[in-house]
Colleague: 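Before I ask anything, here is the structure I am working with.
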Amino acid sequence: MINKDELTHSSASPESFEPPTSRRGKHRLYIGMAPGVGKTYRMLQEAHRLREEGIDVVIGLLETHGRQETAAAAEGLEMVPRLSICRGNTTLTEMDTNTILARQPQLVLDELAHTNIKGLPREKRYQDVEVILDAGIDAFSTVNIQHLESLNDLVAKITGVVVRERIPDRLLDEADEVVIVDVTPETLEERLIEGKIYAPEKIEQSLQNFFQRRNLLALRELALREVADNLEAVAEKSTLTGKFYSVHERVLVCVSTYPNSAQLLRRGARLATIMRARLYGLFVAHPEQFLTKDEILYIEMCEHFCQEFGGEFLHVTSTNIPNAIAKVAHTYHITQVVVGQTHKSRWQLALRGSPVQQLLRYLKDVDLHIIAT
């Protein structure tokens, strides 16, 4: 990630600071399922390695949370003094972005999810990090999966805890690198009991609340799937057409106005659940065939049914239904297609071949499920 030849230094003051290059800094995220998995420790290890290679590394902000191993791992790395702010009889500290900009290191380490003290130029720390990146400085940041904005409601449902420090999902999408730091729930529980995550007085309460085994299992899956989704999205954008292979299974259920479509959706949803796959429903309308009011209502019911299963329902228009299904399958990187038995007469099948046969000609590397009705 760090290219020594791309990075420069400047001694400009914060007020007169101008980026020495149009290059935007590169951003690496260390992400995990919960506190204590080792994100900060892993980041510090990598920072030491880069420092030994001659990279100018500073710690912009580091919270050890009383963890001795983390504090020990930070030794030997320059730490930018924090900005001190007096509020009455209390002195609070924040990351000093202006000092970092004046110092012009090549790489800054920080923790991403945080709300700054009122009165500072930017409300959130991630906004400070974006200013640092815009100045051409690289950044390593740590964050837990529960801090992603879009996952807030789901995390609250899983754990019963409302996470108040949140970051936009786009930061994950825009990151140049994402490193998932993963341990098993059993290992994390051991670390907690050994006092490596929280102070002794907080251990039992944590085990009974956020660090329950079922919570950790769900958060771990959430973290792994979120990063997999992110990597798949990047691969999808950067891979030549026709050369992309999906990380996830994706199930496409093809519905029609026939009464068996609800059954197909149930079977498809069951398949998607077993495979932990994304679910899609598809209705292909023929431009020369008009639907009755009852048929329209039935398709609307199928759409609602699909959405209840957590799927996305698609409408397309085509005179060639098998070809339309194949195009949708390629566009959405479908791996499993679910269809019902054909209702065509024998003479139609003899003339044109069954829709299933046509689909098999169109689809490559896609499994086809024909459901008896």
Side-chain angles (χ1 to χ4, degrees), residues 1-31 39-40 42-64 70 73-87 91-143 147 165-168 170-179:
M1 173 180 166
I2 306 295
N3 187 333
K4 299 177 189 177
D5 297 328
E6 290 181 331
L7 300 166
T8 59
H9 295 269
S10 170
S11 58
S13 65
E15 292 76 13
S16 62
F17 173 80
E18 292 197 3
T21 173
S22 59
R23 168 195 177 276
R24 189 174 193 269
K26 294 183 179 180
H27 197 194
R28 179 188 291 180
L29 289 182
Y30 289 83
I31 192 166
K39 302 178 300 299
T40 302
R42 174 83 173 272
M43 177 179 71
L44 291 168
Q45 283 184 316
E46 180 64 10
H48 275 290
R49 185 186 69 79
L50 292 171
R51 182 174 174 273
E52 290 174 1
E53 293 179 3
I55 300 298
D56 183 15
V57 183
V58 301
I59 296 175
L61 190 134
L62 176 68
E63 295 284 1
T64 64
T70 303
E75 292 179 3
L77 294 173
E78 178 185 342
M79 189 173 296
V80 175
R82 295 192 187 191
L83 180 66
S84 297
I85 301 135
C86 293
R87 289 288 187 267
T91 300
L92 305 172
T93 62
E94 294 288 5
M95 184 171 75
D96 193 339
T97 305
N98 282 348
T99 298
I100 292 171
L101 294 175
R103 167 69 173 73
Q104 273 292 287
Q106 292 172 284
L107 173 64
V108 175
L109 314 182
D110 68 88
E111 295 185 12
L112 204 56
H114 174 75
T115 300
N116 290 329
I117 299 167
K118 287 184 179 180
L120 292 183
R122 288 163 290 277
E123 180 186 3
K124 300 288 186 178
R125 186 175 294 150
Y126 76 80
Q127 296 170 323
D128 288 318
V129 172
E130 289 182 315
V131 169
I132 291 169
L133 293 170
D134 287 339
I137 301 169
D138 290 339
F140 286 177
S141 304
T142 60
V143 69
H147 293 293
E165 297 292 356
R166 301 191 292 274
I167 65 169
R170 65 174 175 80
L171 294 177
L172 182 61
D173 298 331
E174 294 169 359
D176 297 278
E177 289 186 63
V178 178
V179 178

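Positions are given from 1, in the same order as the sequence printed here.
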Colleague: Minimum heavy-atom separation for Asp96 and Pro81, please, with both atom names.
Modeller: CB-O, 3.6 Å
Colleague: Between CG of Leu50 and CG of Asp138, what distance do you get to the nearest 0.5 Å?
Modeller: 9.5 Å
Colleague: Rounded to the nearest 0.5 Å, how far does CG of Asp56 lie from CD of Gln106?
Modeller: 5.5 Å
Colleague: Find out whether Leu171 and Glu130 are in side-chain contact, i.e. whether some heavy atom of one side chain is under 4.5 Å from a heavy atom of the other.
Modeller: yes
Colleague: Looking at OH of Tyr126 and CG of Asn116, how far apart are the two atoms once the value is rounded to the nearest 0.5 Å?
Modeller: 10.5 Å
Colleague: Please name all residues satisfying side chain to side chain contact (heavy atoms under 4.5 Å, CB included) with His147, sequence neighbours left out, ordered by chain then number.
Modeller: Ala113, Val143, Asn144, Val163, Glu165
Colleague: Please determine if Glu63 and Arg82 form a salt bridge, counting it only when a charged side-chain N lies under 4.0 Å from a carboxylate O.
Modeller: yes
Colleague: Would you mind writing out the side-chain donor-acceptor pairs for residues 117-124 within the sub-3.5 Å range, not counting sequence neighbours?
Modeller:
{"unit_1": "Arg122", "atom_1": "NE", "unit_2": "Asp128", "atom_2": "OD1", "d": "2.5"}
{"unit_1": "Arg122", "atom_1": "NH2", "unit_2": "Asp128", "atom_2": "OD1", "d": "3.2"}
{"unit_1": "Lys124", "atom_1": "NZ", "unit_2": "Thr115", "atom_2": "OG1", "d": "2.6"}

Colleague: Rounded to the nearest 0.5 Å, how far does CD1 of Ile132 lie from CD1 of Ile100?
Modeller: 4.0 Å
Colleague: Find the distance between CD (Glu111) and CZ (Arg125) and round it off to the nearest 0.5 Å.
Modeller: 6.5 Å
Colleague: Would you call Glu174 and Arg24 a salt bridge, using N to O less than 4.0 angstrom?
Modeller: no
Colleague: If the threshold is 4.0 Å, N to carboxylate O, is there a salt bridge linking Arg49 and Glu52?
Modeller: no
Colleague: Taking Gly76's backbone N and O only, do any of them form a donor-acceptor pair with Arg51's side chain (distance below 3.5 Å, no angle check)?
Modeller: yes
Colleague: Does Thr70 reach the side chain of Met43, with side-chain heavy atoms less than 4.5 Å apart?
Modeller: no
Colleague: Which residues pass the side chain to side chain contact (heavy atoms under 4.5 Å, CB included) test with Val179, sequence neighbours left out?
Modeller: Arg28, Tyr30, Arg42, Val181
Colleague: Please name the pair of heavy atoms, one in Leu133 and one in Lys26, separated by the smallest distance, quoted to 0.1 Å.
Modeller: CD2-O, 3.6 Å
Colleague: Walk me through it: do Leu109 and Leu77 pass the test side-chain contact (heavy atoms from CB on, under 4.5 Å)?
Modeller: CA-CA 10 Å; Leu109 314 182; Leu77 294 173; 4.2 Å; yes
Colleague: Evaluate the criterion side-chain contact (heavy atoms from CB on, under 4.5 Å) for residue pair Leu44 and Ile59; output intermediate values, then yes/no.
Modeller: CA-CA 9 Å; Leu44 291 168; Ile59 296 175; 4.2 Å; yes
Colleague: Got a second to check how far Glu94's CD is from His114's NE2, nearest 0.5 Å?
Modeller: 3.5 Å
Colleague: Contact between Leu112 and Val129 at the side-chain level, heavy atoms closer than 4.5 Å - yes or no?
Modeller: yes
